[in-house]
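Working notes, structure below.
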Amino acid sequence: MLTIGWREWVTLPDLNIPAIKAKIDTGAKTSALHAFDVMAFMADGRQRVRFGIHPLRRRKHLVRYCEADILEQRMVTDSGGHRELRYVIQSRVSLTDIIWPIEITLTCRDNMNFRMLLGRTALKNRFLIDPEKSYTTGQLIAKAYAKKLKSRELK
């Protein structure tokens with residue numbers, strides 16, 4: 001079983017997000033993703049959601065807009081004890097060469113250091129977590145993202 005650290009770079013291929021820092025959070029049951037301008041709509045008889053994301057915390061000018069099917073809405077209590085009704089979507093997440101589907105709640109994480117939390121449900125039976133380590137899988141994802149930004153492939 002692969003050992004990962006308390007933070008890792010991951011990709012969300014279904015949402016066209018090539019790199020995002022994720023806090024590995026075994027205290028959180030569900031995974032969460034930073035989202036703003038969240039808007040639900042119907043398309044082809046399916047409930048969908050469109051939202052914006054700043055995948056890199058210090059790059060507010062970099063905005064990605066994503067769409068996904070809505071699985072459900074769920075009441076979530078954050079670490080501060082605040083309850084919030086959130087949309088839940090499903091997306092594949094990739095860490096190194098491992099790709100698997102996870103459920104993700106959408107919420108504003110503007111004031112947080114990490115744009116994504118990988119919760120214990122997503123991590124279950126996949127990894128060992130060493131809280132003394134960071135970026136154990138390297139920073140190749142981040143470097144690839146930086147290269148795309150420089151070449152203006154991503155806007």
Side-chain angles (χ1 to χ4, degrees), residues 1-131 134-137 141-142 145 154-155:
M1 193 173 288
L2 181 65
T3 298
I4 61 174
W6 70 274
R7 59 185 174 176
E8 297 290 346
W9 282 96
V10 301
T11 64
L12 297 168
D14 297 337
L15 299 176
N16 197 24
I17 299 173
I20 190 166
K21 277 186 201 177
K23 180 180 178 187
I24 309 305
D25 192 349
T26 59
K29 181 178 180 182
T30 317
S31 298
L33 181 65
H34 168 66
F36 62 91
D37 291 341
V38 178
M39 185 177 66
F41 63 97
M42 291 293 289
D44 299 324
R46 298 186 332 246
Q47 286 189 307
R48 294 185 55 82
V49 64
R50 184 173 202 264
F51 58 94
I53 179 170
H54 300 291
L56 301 177
R57 189 173 135 244
R58 292 189 177 99
R59 298 249 179 128
K60 293 276 189 176
H61 66 280
L62 179 62
V63 178
R64 304 296 297 212
Y65 281 93
C66 309
E67 289 185 9
D69 288 338
I70 297 172
L71 293 180
E72 65 177 317
Q73 281 189 284
R74 185 181 302 159
M75 192 62 72
V76 176
T77 304
D78 68 19
S79 60
H82 305 101
R83 293 175 49 83
E84 176 186 29
L85 186 61
R86 298 182 187 176
Y87 288 109
V88 181
I89 64 170
Q90 184 173 19
S91 176
R92 290 176 302 149
V93 64
S94 171
L95 179 58
T96 64
D97 59 348
I98 303 169
I99 301 172
W100 73 103
I102 63 170
E103 288 186 359
I104 303 169
T105 65
L106 302 177
T107 187
C108 179
R109 296 185 55 80
D110 264 337
N111 298 325
M112 303 295 180
N113 287 330
F114 292 89
R115 295 297 184 221
M116 181 169 191
L117 292 181
L118 265 181
R120 66 179 176 267
T121 304
L123 300 164
K124 188 176 179 183
N125 298 324
R126 293 188 191 283
F127 306 102
L128 296 174
I129 295 113
D130 185 339
S134 296
Y135 309 122
T136 60
T137 59
I141 293 171
Y145 205 1
L154 298 174
K155 294 183 181 181

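Throughout, residue positions are numbered sequentially from 1 according to the sequence presented.
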Taking all atoms of both residues into account, what is the closest heavy-atom pair of [X] and [Y], and its distance?
| X | Y | value |
| --- | --- | --- |
| Thr105 | Arg86 | OG1-NH1, 3.0 Å |
| Glu103 | Arg74 | OE1-NH2, 2.8 Å |
| Arg109 | His34 | N-ND1, 3.0 Å |
| Phe41 | Val49 | CE2-C, 3.8 Å |
| Ser31 | Gly119 | OG-N, 3.1 Å |
| Thr11 | Pro18 | CG2-O, 2.8 Å |

Any side-chain to backbone donor/acceptor pair from [X] onto [Y]? Under 3.5 Å, distance only.
| X | Y | result |
| --- | --- | --- |
| Thr26 | Arg120 | no |
| Glu8 | Thr136 | yes |
| Trp100 | Ala122 | yes |
| Arg64 | Asn16 | yes |

To the closest 0.5 Å, what do you measure between [atom1] ([X]) and [atom2] ([Y])?
| X | Y | atom1 | atom2 | value |
| --- | --- | --- | --- | --- |
| Trp6 | Tyr135 | CH2 | OH | 6.5 Å |
| Cys66 | Ile53 | SG | CD1 | 6.0 Å |
| Leu106 | Gln73 | CG | CD | 10.5 Å |
| Met39 | Glu67 | CE | CD | 8.0 Å |
| Ser94 | Ile17 | OG | CD1 | 13.0 Å |
| Ile129 | Leu2 | CD1 | CG | 10.0 Å |

Next on the checklist: Below 30° counts as parallel, above 60° as perpendicular, anything between as tilted: where do the rings of Phe36 and Tyr65 land?
Outcome noted: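 Perpendicular: the ring planes of Phe36 and Tyr65 meet at over 60°.
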Quick one: does [X]'s side chain get under 4.5 Å of [Y]'s, heavy atoms only?
| X | Y | value |
| --- | --- | --- |
| Leu95 | Phe127 | yes |
| Met116 | Ile104 | yes |
| Leu15 | Leu33 | yes |
| Ile89 | Asp14 | no |
| Gln47 | Met42 | yes |
| Glu84 | Val76 | no |

